[in-house]
Amino acid sequence: MTTRWLTPEEQRAWRAYIASWTLLEDALDRQLQQDAGMPHLYYTILSVLSEAPERRLRMTDLAERLKITRSRLTYAVTRLEKDGMVRREACRYDRRGSIAALTDEGLAVLERTAPGHVETVRASLFDHLTAEQVGQLEQICTGITQALQGGARAAQDDVPWLRRSSPPCT
């Protein structure tokens, strides 16, 4: 098999992407640590739960939405639970399953932190793009996500957050 090396244009694009992603993630983490004492992942967990029906999601569904392994999610939820921002509930239909629920305290932290987070996202990313570039960014990221989640190289067993072994809780 012959290695398909990146062209000079692809190499520049790849390095630009890595640099921008690293700097953006760092800016978001710094802002959230300063404003709420939490990393970006924890804020994202609170945000996703706030948008879920009844502010509750099965842990496997939450892992899938966040694109992280269940073990990483379990660690993060345990920390948020200790801080009173999330609570775990048993799944009524599956003894092995559990639900992550956003508490009132977690919602209050999210509401207090959201304006600074949105401003950081805007100042770090969207203020530097035209409306056309925002649309292009969405198309590019959606295409990459779809290819990695559903492409031939991403069988369900290869993507930890897509593995399903039990029925959904309700």
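Residues: numbered from 1 along the sequence shown. What you see is a predicted model; the values in this text were computed from it and never measured.
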Would you be so kind as to tabulate the donor-acceptor pairs closer than 3.5 Å made by side chains of residues 15-24, with sequence neighbours excluded?
{"from": "R15", "atom 1": "NE", "to": "Q11", "atom 2": "OE1", "distance (Å)": "3.2"}
{"from": "S20", "atom 1": "OG", "to": "A16", "atom 2": "O", "distance (Å)": "3.2"}
{"from": "S20", "atom 1": "OG", "to": "Y17", "atom 2": "O", "distance (Å)": "2.9"}
{"from": "T22", "atom 1": "OG1", "to": "I18", "atom 2": "O", "distance (Å)": "2.8"}

In residues 105-115, what donor-acceptor pairs under 3.5 Å come from side-chain atoms, sequence neighbours left out?
{"from": "T113", "atom 1": "OG1", "to": "V109", "atom 2": "O", "distance (Å)": "2.7"}

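Checked against salt bridge (charged side-chain N to carboxylate O under 4.0 Å, His left out), D104 has the following partners two or more places apart in sequence or in another chain: R55. Legend: residues meeting ring pair (Phe, Tyr, Trp, His ring centres under 6.0 Å) with Y42, ordered by chain and number and at least two apart, are absent. Residues forming a salt bridge (charged side-chain N to carboxylate O under 4.0 Å, His left out) with R88 (at least two apart in sequence, or on another chain): E81. Under the rule for a salt bridge (charged side-chain N to carboxylate O under 4.0 Å, His left out), R72 has no partner lying at least two apart in sequence or in another chain. When the ring pair (Phe, Tyr, Trp, His ring centres under 6.0 Å) test is applied to H40, the partners found at least two apart in sequence or on another chain are H117. Listed by chain and number, the residues in a side-chain hydrogen bond (donor to acceptor under 3.5 Å, both in side chains) with E89 are R56, R87 (sequence neighbours excluded). Residues satisfying the side-chain hydrogen bond (donor to acceptor under 3.5 Å, both in side chains) test with T3, not counting sequence neighbours, are none. Under the salt bridge (charged side-chain N to carboxylate O under 4.0 Å, His left out) criterion, E138 pairs with no residue, sequence neighbours left out.
Other residues sharing a hydrophobic cluster with M1 under the 4.5 Å side-chain heavy-atom criterion for ILVMFWY residues do not exist; the residue is a singleton. If you chain together ILVMFWY residues whose side-chain heavy atoms come under 4.5 Å of each other, V118 ends up in a group of its own.
Remark: I45 CD1 to S50 OG distance equals 12.5 Å, nearest 0.5 Å. For the atom pair E132 CD and L137 CG, the distance stands at 12.5 Å (nearest 0.5 Å). Between E25 atom CD and S124 atom OG the span is 11.0 Å, to the nearest 0.5 Å. Note: D35 CG to R30 CZ = 12.0 Å, rounded to the nearest 0.5 Å. Here CG of L41 is found 11.0 Å from OH of Y75. Values are rounded to the nearest 0.5 Å. A distance of 12.5 Å separates CD in E54 from CG in L49, rounded to the nearest 0.5 Å.
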For this session: Starting from the C-alpha separation in whole Å, work towards a yes-or-no answer on side-chain contact (heavy atoms from CB on, under 4.5 Å) for L46 and M38.
Result: CA-CA 11 Å; L46 299 180; M38 72 175 68; 3.7 Å; yes
Exercise. Between R79 and M85, does a side-chain contact (heavy atoms from CB on, under 4.5 Å) hold up when you go through it step by step?
Worked result: CA-CA 9 Å; R79 289 289 314 270; M85 292 187 258; over 6 Å; no
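The pair D61-R65 does not meet the salt-bridge criterion, since no charged nitrogen lies less than 4.0 angstrom from a carboxylate oxygen.
Transitive grouping of hydrophobic side chains (ILVMFWY, heavy atoms separated by less than 4.5 Å) brings L148 and I140 into a common cluster. Hydrophobic clustering (side-chain heavy atoms under 4.5 Å, transitive across Ile, Leu, Val, Met, Phe, Trp, Tyr) keeps L66 apart from L28. There is a path of hydrophobic side-chain contacts, each under 4.5 Å, that joins I68 to L32.
Side-chain contact check for P39 versus Q33: some heavy-atom pair is nearer than 4.5 Å.
The two residues L62 and A100 come nearest to each other via the heavy atoms CD2-CB, 4.0 Å. Heavy-atom minimum distance, T103 versus G84: OG1-O, 2.6 Å.
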